[in-house]
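Contents: one structure, followed by commentary.
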Amino acid sequence: MYREALREAIDEEMERNKLVFIIGEGIAERGGSYKVTEGLLAKYGSLRVRDTPIAEAGMIGVGVGAAIAGARPIVEILYIDFAMLGMDMIVNQAAKFRLMTGGDGRVPFVMRTQGGAGGGVAAQHSQSLEALFYHIPGLKVVMPSVPADAKGLLKYALRQDDPVMFLEHKHLYMSKGPVPDGEHIVEFGKGDIKRSGKDVTLIAWSNMIPRSLEAAEALAKEGIDVEVVDPRTLVPLDKELILTSVAKTNRVVIVQEAVRRGGVASDIASIIQEEAFYDLDAPIEIVAGLNIPIPFNLELEKASVPQKDDVIAAVKRCLHPEQFTARAAN
Amino acid sequence: MYREALREAIDEEMERNKLVFIIGEGIAERGGSYKVTEGLLAKYGSLRVRDTPIAEAGMIGVGVGAAIAGARPIVEILYIDFAMLGMDMIVNQAAKFRLMTGGDGRVPFVMRTQGGAGGGVAAQHSQSLEALFYHIPGLKVVMPSVPADAKGLLKYALRQDDPVMFLEHKHLYMSKGPVPDGEHIVEFGKGDIKRSGKDVTLIAWSNMIPRSLEAAEALAKEGIDVEVVDPRTLVPLDKELILTSVAKTNRVVIVQEAVRRGGVASDIASIIQEEAFYDLDAPIEIVAGLNIPIPFNLELEKASVPQKDDVIAAVKRCLHPEQFTARAAN
Amino acid sequence: MQNAPSREILEKIFRTAYRIRVFETEGIKLYRQGLIRGYFHPYLGQEGIATGVCAALNEGDYVASTHRGHGHCIAWGADVKRMVAELLQKETGYCRGYGGSMHIADIHRGNLGANGIVGAGTPLGVGAALAAQIRGSDAVTVTFSTDGASNNGTFLESLNLAAIWNLNFILVIENNQYAVSTRIEESTRDVDLYKRGTSIGVESHQVDGNDPLAVYRLTQEAAEKCRAGKGPILIEAKTFRHMGHHVNDPGKYMPEDRLAYYKARDPVDRARNALVEICGAPQAEIDAIEGEIAAEFSDAVEFARNSREITAAEFRQFVADY
Amino acid sequence: MQNAPSREILEKIFRTAYRIRVFETEGIKLYRQGLIRGYFHPYLGQEGIATGVCAALNEGDYVASTHRGHGHCIAWGADVKRMVAELLQKETGYCRGYGGSMHIADIHRGNLGANGIVGAGTPLGVGAALAAQIRGSDAVTVTFSTDGASNNGTFLESLNLAAIWNLNFILVIENNQYAVSTRIEESTRDVDLYKRGTSIGVESHQVDGNDPLAVYRLTQEAAEKCRAGKGPILIEAKTFRHMGHHVNDPGKYMPEDRLAYYKARDPVDRARNALVEICGAPQAEIDAIEGEIAAEFSDAVEFARNSREITAAEFRQFVADY
Ligand SMILES: Cc1ncc(C[n+]2csc(CCOP(=O)(O)OP(=O)(O)O)c2C)c(N)n1
Ligand SMILES: Cc1ncc(C[n+]2csc(CCOP(=O)(O)OP(=O)(O)O)c2C)c(N)n1
Ligand SMILES: [Mg+2]
Ligand SMILES: [Mg+2]
């Protein structure tokens with residue numbers, strides 16, 4: 001399970017390196033709201049596994065400081081929404097320290113948190129905010145979609161020297177999948193083809209991967225062969241993998257849970273149109289959240305983020321743009 | 001002058017509506033670091049013009065609360081970089097209140113601040129962070145490039161009911177331009193053609209407008225006729241104006257000072273390729289800041305943000321893509 | 001007992017405390033039936049605070065609340081119908097189903113709303129107090145806050161602003177001694193949170209939060225001082241939850257003896273006893289009040305169940321404006 | 001005078017204070033000549049604090065600083081050459097010209113750096129103290145902070161974390177009574193900032209920041225207590241700037257009589273007097289020290305001027321990694 005894979009990664013890295021430690025709200029005795037840190041207190045003690053007060057700016061800041069001073073902190077923020085309280089420490093300190101020190105200062109800091117809508121937790125507990133970190137040079141942005149990647153990427157995160165926004169999804173914690181035992185490392189910047197196909201390149205990450213795979217299976221039944229590309233890390237982004245796939249399919253759908261306006265999908269689209277303009281046979285389709293905060297009402301919540309049918313429709317639109325755009329027909 | 005235009009807007013709106021007030025660091029007796037609020041204390045007194053301690057989260061939060069309770073606060077944040085300290089109040093409170101209350105609650109809150117590089121103020125005082133606000137539904141994002149717009153947009157901001165990120169540029173305060181006296185209002189969502197042309201659509205905002213206009217003049221001498229489109233407000237965005245221009249020129253350059261990765265330019269590009277794919281004769285060119293924090297060294301600082309020559313080169317690339325891309329030649 | 005409040009006030013206090021008790025007890029049942037989704041943080045055990053505080057405020061005043069906001073909302077006089085409807089995500093709810101438990105607000109009546117971000121109510125409340133000052137009104141704003149929020153930067157920043165601007169602001173810290181499962185002793189070296197107010201020049205008090213009358217009296221004095229230009233004031237009310245953090249938290253980490261201690265000082269019982277002992281209200285009258293409030297809740301559930309949800313078309317229109 | 005520090009310490013204190021004085025005085029001239037760009041916040045008048053504090057610390061300890069950071073940097077033993085080179089945006093500077101005045105750091109020697117964000121040094125410093133604890137080291141971390149930063153949320157959040165975790169952390173608030181032109185009385189009702197530490201259970205002291213020896217002694221005690229597991233400790237050092245907020249601020253808002261009061265208690269003079277009075281250092285020796293330090297600064301300017309800037313190619317390589 002995703003959450004166990006995360007736990008394994010933390011456990012193994014804490015075992016391996018005494019400088020790895022973890023702080024967060026209710027992560028010690030209680031084992032965290034999503035049970036990722038269960039058992040770690042008993043194993044590593046209260047020096048390296050400790051609860052914090054409700055002070056996100058403080059805990060992120062303290063984590064950044066500890067990283068600058070050579071430790072390897074993991075700071076767990078309960079909801080990505082709450083990371084907004086610590087943005088100064090992320091944006092102005094963690095992300096900038098390396099450049100500001102001319103390269104001497106490094107910040108091996110990992111912030112683990114989770115985002116996404118579902119279950120009626122409403123506007124302040126449902127956001128997908130990866131785009132905010134994506135735009136800040138100096139941060140790595142990691143969004144694992146399956147347990148094996150969760151483990152391998154977290155292990156890698158804990159061995160490199162730049163601040164990492166490790167973004168999980170509340171709906172993935174219980175998701176299943178094979179997880180290699182022990183030394184399983186996934187480097188940053190290496191995307192993964194989660195399903196290969198020849199007709200359309202579908203780019204997605206985090207919880208949109210399982211949803212897109214479902215859509216792809218449904219489309220397969222109609223004879224449409226979708227290639228599902230999971231960048232796994234948004235920064236660094238595996239452009240090569242994306243462009244290679246686009247060169248093959250000539251059609252692109254990007255699926256993100258975050259709101260449409262100013263999301264990472266837009267950026268990936270801008271890169272593709274810039275670097276593979278002449279490969280494209282149709283406009284890039286972006287399937288994304290509506291430009292609104294997430295409503296409490298479950299039906300409205302569902303309407304606010306991409307569903308399987310939205311993905312299916314987008315794939316079809318991009319296969320037959322002439323049916324949707326007058327100009328394409330000419 | 002830009003800063004006087006801003007002052008006029010505040011002055012006229014404070015005169016007009018007793019619920020308009022302004023808070024910020026050093027804005028009262030000292031008149032603000034950029035002299036925008038000079039004279040307002042004397043005219044309106046310390047109830048409506050007041051200094052704050054260095055507490056960005058607090059002052060933004062208090063402004064949001066005052067707005068919810070029906071006043072019309074202007075909160076001046078010295079540098080947009082410091083707004084990171086108040087992100088929770090912006091993202092989770094101001095932007096969401098309207099939806100979370102089912103439409104009943106309104107937040108007529110204006111945050112004025114300034115961004116941009118120049119003068120060696122380094123990584124924590126030079127950012128262009130409009131993309132962060134752009135991605136948060138519920139916020140309006142305003143970026144005036146000339147004094148008249150600064151006045152008209154700020155007056156409009158102070159009469160509408162949603163939270164506004166009013167983003168000025170440190171290099172524009174002393175810039176000159178005609179400013180209509182008295183009742184001059186610029187509505188949100190109405191872009192402006194700052195120079196009309198037929199060969200290339202150049203979209204820019206804030207300080208990239210004067211720079212792009214210079215580039216356009218230089219290009220005009222070579223017989224290249226650039227249309228410079230200033231959306232003026234990024235949210236709402238005047239898509240119509242942009243798409244109309246693109247339909248005419250079939251070529252697009254977008255110039256932003258912010259870093260390339262995940263910037264607003266990417267989003268505008270994604271919209272154009274989505275809605276005007278068949279109009280485009282060449283890839284959309286994005287001229288943007290490098291993906292790094294701004295260095296202190298003046299030469300490196302200059303190299304980090306778009307200069308006139310970068311704009312000129314991009315316009316030429318998009319007029320003759322075949323010279324730059326092997327594929328375009330086929 | 002020194003200057004007991006009027007019978008009218010005492011009855012109001014009991015009614016409010018009991019109304020909250022019923023709302024939470026019955027609400028939890030609805031939640032367990034799957035009728036309510038998302039988070040539900042019961043106010044059980046803390047009723048004395050919202051009840052005492054709001055009884056001391058006037059119309060035109062403001063309140064801002066927390067994630068554990070039902071009690072404040074009810075004490076501020078909310079329509080229980082519209083509250084239940086909100087929890088059931090119906091169009092007749094306070095937020096038309098857009099907000100839910102953590103966001104119920106009634107801006108037209110000065111309730112700035114519950115809040116999903118711990119600590120956020122403080123700056124918002126100070127802002128409302130600032131707006132009142134700008135308008136020249138003597139309205140008082142109360143922010144209900146928590147022990148957890150007292151370790152958050154917003155506490156210092158916004159209370160300090162209220163202080164330097166002499167705002168009519170009362171910060172009520174409901175110190176229930178836990179933040180989810182974290183004991184207050186793990187979060188601070190000094191569990192007497194009122195001292196933090198004193199340290200920045202804010203008049204600060206401590207009170208038994210399970211004593212609705214004591215809370216009422218202290219708030220009344222505080223509000224008077226505010227209206228006389230002597231604000232802000234901080235009130236730390238010690239209390240304890242009757243159950244876990246939210247409906248799905250069994251709260252096993254709460255020591256039984258401490259729970260028993262506080263349950264023996266149940267604020268609803270105390271409000272009832274005050275009405276009986278001070279005003280001599282007969283049992284029949286108490287029963288009548290309780291019956292009336294129980295019926296009111298059943299009606300509210302009925303109302304909510306019969307209400308419709310926002311339609312797709314309404315939603316589209318809402319979205320179009322963003 | 002009670003247990004005067006050793007002659008070695010007294011000389012170190014004077015040398016450091018004087019070195020800062022020269023750096024700032026001469027640095028301002030370079031700024032006025034247009035050789036330094038961006039912000040330059042002089043530490044003139046506050047030398048006693050950095051000097052006294054750092055003299056009491058050990059190798060292996062950490063410091064974190066503010067936007068007004070030259071003094072801390074020098075007191076921590078930075079190479080003046082590399083500091084001037086940084087201000088002149090040269091490749092030999094501490095940050096290779098990427099940082100500038102507000103970001104000079106020397107992470108290899110435990111200086112976490114100046115900071116352009118008021119208040120940010122506190123969590124970073126607490127973090128360094130936490131890292132030391134994790135490593136099992138008894139290193140102490142000092143964050144130099146300011147009156148302005150004391151109204152910021154980071155103050156409460158991070159000092160509280162240091163307290164509950166018993167970190168070896170000393171927070172030194174340099175209370176120079178102004179934040180740019182804003183008087184401290186306008187920013188808080190209680191100008192005795194140390195009380196904020198007390199209110200959260202942190203041992204807190206006040207000291208005359210213009211008395212380097214007093215600062216030294218207090219810091220020494222505080223560091224000892226930390227190493228004995230009794231941290232964190234807060235020290236409020238009252239002081240006053242000798243000029244405006246930054247080089248281009250004439251500082252006219254500073255009342256002349258207060259300025260005169262503090263100039264009469266000049267920390268560099270006091271450090272010099274201590275050396276003369278306690279150790280009987282002859283004037284010739286003082287002159288020699290001063291001459292040496294002045295020469296050191298000239299050499300540093302020479303060094304910086306002769307250094308090169310980062311090349312475009314080096315920069316491209318740097319960027320490629322982002
Ligand atoms: C800023 C923030 N951090 C964390 C949370 C998650 N959270 C919700 S309630 C809670 C505990 C709150 O404890 P306290 O503030 O004492 O209020 P109580 O629940 O005791 O009423 C936490 C950690 C949150 N909602 N907001
Ligand atoms: C978070 C933040 N807000 C505002 C500023 C702008 N600023 C720089 S220095 C300063 C005044 C600082 O006063 P204080 O903290 O007392 O330090 P001092 O300058 O007196 O040493 C301000 C407002 C900043 N750098 N960071
Ligand atoms: Mg609590
Ligand atoms: Mg100061």
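Chain A is the first sequence line, chain B the second, and so forth, proteins listed ahead of strands; every chain is numbered from 1.
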Any idea which of A:I54, A:T52, A:L290 has the most non-hydrogen atom pairs under 4.5 angstrom with chain C?
A:I54
Given heavy-atom pairs under 4.5 angstrom as the criterion, report whether the side chain, backbone, both or neither of A:L298 touches chain C.
both
Polar side chain donor-acceptor pair, C:R258 to C:Q177, under 3.5 angstrom
yes
Evaluate the side-chain proximity of C:T122 to C:E157: yes if any heavy-atom separation is below 4.5 Å, no if none is.
no
Using only non-hydrogen atoms and a strict under-4.5 angstrom cutoff, which residues of residues 20-50 of chain A touch chain C?
A:G26, A:R30
Within 6.0 Å of CD in C:Q33, more than 12 heavy atoms from elsewhere
yes
Measure C:S181 against the heavy atoms of chain A and call it side chain, backbone, both or neither at under 4.5 Å.
both
Pair C:N175-C:E236, side-chain donor/acceptor within less than 3.5 Å
yes
Looking only at side-chain N and O atoms, does A:S304 offer a donor or acceptor that is under 3.5 Å from a partner on A:E301?
no
Most contact-rich option vs chain A, by heavy-atom pairs under 4.5 angstrom, among C:F315, C:Y253, C:F318, is C:F315
Flag side-chain contact, heavy atom, 4.5 Å: C:M243 against C:I28
yes
Classify the ring geometry of A:F82 against A:Y79: parallel below 30°, tilted from 30° to 60°, perpendicular beyond 60°.
tilted
Which atoms of C:N115 approach chain A - backbone, side chain, both or neither, heavy atom under 4.5 Å
both
Hey, can you tell me if C:H70 and C:F23 have their rings parallel, tilted or perpendicular (30° and 60° cut-offs)?
perpendicular
pair C:N176-C:T146: side-chain heavy atoms closer than 4.5 Å
no
What part of C:V180 lies closer than 4.5 angstrom to a heavy atom of chain A: side chain, backbone, both or neither?
side chain
